[in-house]
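Notes follow the structure.
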Amino acid sequence: MIDRDHDLSIVRQAKVLKLARSTVYYEPRPVSAEDLALMRRLDELHLDYPFAGARMLRSLLRREGVYAGRRHIATLMKRMGIEAVYRRPNTSKPAPGHKIYPYLLRGLKIERPDHAWAMDITYIPMRRGFVYLAAVVDVFSRRVLAHRVSITMEAAFCVEAVQEALAKHGRPEIFNTDQGSQFTSLEFTDVLLDAKIAISMDGKAPGATTCLSSGSGARSNTKKFISAPTTACPRRERQLPSIWPSTIRDALTRALTGARPTRLTSARKLW
């Protein structure tokens, strides 16, 4: 941008381009040998502890006798292009161009099994990182009809869970999900349309009948598992309390061990 061989002086060129003179004369300094050694060690620690952020990496380095500030470590991580792997708060990202179906459960009184099923995705914390759990739940009985665990957010494991639920338990009248790209994909909706099931989708805000609470962090995801009221209502104050976190753990145990899903006890007994 600055031509040092131009007839205009560098001062004049900087003024025309509205640049500070210090910017013109600044020469970037090379990375010091200390920072290079620190970056190499940070890369090794990141491979061993991918969930570690700047604070945890600072503590790990101090155990080795290396003292560096948290902000300096964060700067080096940004320069290296690495960041901590942690549970993201949003699993319901819509995909442009996918069809969004209307919400059919507003004001609807659900009084029998198989009237409405719901499905969502939540996080399962692991020793390193996390996995995704998708579950199909009968809104009336709170029964877990099918579930799948995956390390990716593709629609395939959601489709498998729905197909298993339909094969084992028949079909519902209404199937409710959020507007996540997995649920709006043709691969997923075609399964429901072929079975002649009415598709219902929550609005942009979290719905009242979603079986797993995505988008609220790991703690609320665990606590709000299967929090749908028997009578679907959009008003938050009329929602029933959440079921205990053991529900999520039981579903994960069945998914990992291959045990058959069991019918949940009454939600009233769990509170």
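On a predicted model such as this, the values are computed, not experimentally measured, just so you know.
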Exercise for the section: Apply side-chain contact (heavy atoms from CB on, under 4.5 Å) to the pair L166 and W117, showing each step before the final yes or no. Expected result: CA-CA 11 Å; L166 294 176; W117 292 358; 3.8 Å; yes
Donor-acceptor pairs under 3.5 angstrom involving side-chain atoms of residues 70-81: please list them, not counting sequence neighbours.
{"unit_1": "H72", "atom_1": "NE2", "unit_2": "D35", "atom_2": "OD1", "d": "3.0"}
{"unit_1": "T75", "atom_1": "OG1", "unit_2": "R71", "atom_2": "O", "d": "2.9"}

Problem - D138 side-chain N/O to P113 backbone N/O, donor-acceptor pair under 3.5 Å - result: no
Handout entry: Joint cluster assignment, L192 & L186, ILVMFWY side-chain distance < 4.5 Å
Key = no
Handout entry: Heavy-atom check, side chain of K99 versus side chain of T184, under 4.5 Å
Key = no
Completion exercise
So CG of D202 and CD1 of I100: to nearest 0.5 Å the spacing works out to 11.0 Å
Exercise for the section: For the pair L45 and M56, evaluate side-chain contact (heavy atoms from CB on, under 4.5 Å) and give the outcome as yes or no after the intermediate values. Expected result: CA-CA 10 Å; L45 291 174; M56 185 177 294; over 6 Å; no
Exercise for the section: Would you mind reporting whether V162 and F188 have side-chain heavy atoms less than 4.5 Å apart? Expected result: yes
Exercise for the section: Show the numbers, then the answer: is there a side-chain contact (heavy atoms from CB on, under 4.5 Å) between F183 and I121? Expected result: CA-CA 10 Å; F183 305 130; I121 305 172; 3.8 Å; yes
Problem - Validation row: M201, Y101 side chains within 4.5 angstrom (heavy atoms) - result: yes
Exercise for the section: Please tell me if the side chains of L108 and I174 come closer than 4.5 Å, counting only heavy atoms from C-beta onward. Expected result: yes
Exercise for the section: Would you check, one step at a time, whether the test side-chain contact (heavy atoms from CB on, under 4.5 Å) holds for D178 with D120? Expected result: CA-CA 7 Å; D178 57 30; D120 205 347; 3.0 Å; yes
Practice task
Spell out, yes or no, whether L36 and I82 are grouped together once hydrophobic residues are joined by side-chain heavy atoms under 4.5 Å, including indirect joins.
Solution key: yes
Handout entry: Distance-minimising heavy-atom pair for R112 and F140
Key = O-CB, 3.4 Å
Problem - Spatial distance of atom CD (E154) from atom OG (S185) [nearest 0.5 Å] - result: 10.5 Å
Handout entry: Within 6.0 Å of CD1 in I151, more than 12 heavy atoms from elsewhere
Key = no
Completion exercise
Distance col, row D48:CG vs F51:CZ, nearest 0.5 angstrom, shows 9.5 Å
Fill in the blank from the handout: Between K196 and R171, the two heavy atoms sitting closest are O-NH1, 3.1 Å
Practice task
Decide yes or no for L42 and L61: does some side-chain heavy atom of the first lie under 4.5 Å from some side-chain heavy atom of the second?
Solution key: yes
Exercise for the section: Measure the shortest side-chain to side-chain distance between F157 and T152 over non-hydrogen atoms and say whether it is less than 4.5 angstrom. Expected result: no
Completion exercise
Rounded to the nearest 0.5 angstrom, the CG-OG distance for L105 and S200 is 4.0 Å
Exercise for the section: Mind checking the CE-CG spacing from M119 to N176? Nearest 0.5 Å is all I need. Expected result: 12.0 Å
Exercise for the section: Would you check if R148 and L133 make a side-chain contact, meaning some heavy-atom pair closer than 4.5 Å? Expected result: no
Completion exercise
Between the OG atom in S59 and the CD atom in E64, the distance rounded to the nearest 0.5 Å is 11.5 Å
Handout entry: Verify same cluster id: V31, V66 (apolar side-chain graph, 4.5 Å)
Key = yes
Exercise for the section: Please name the pair of heavy atoms, one in C158 and one in A134, separated by the smallest distance, quoted to 0.1 Å. Expected result: SG-CB, 4.2 Å
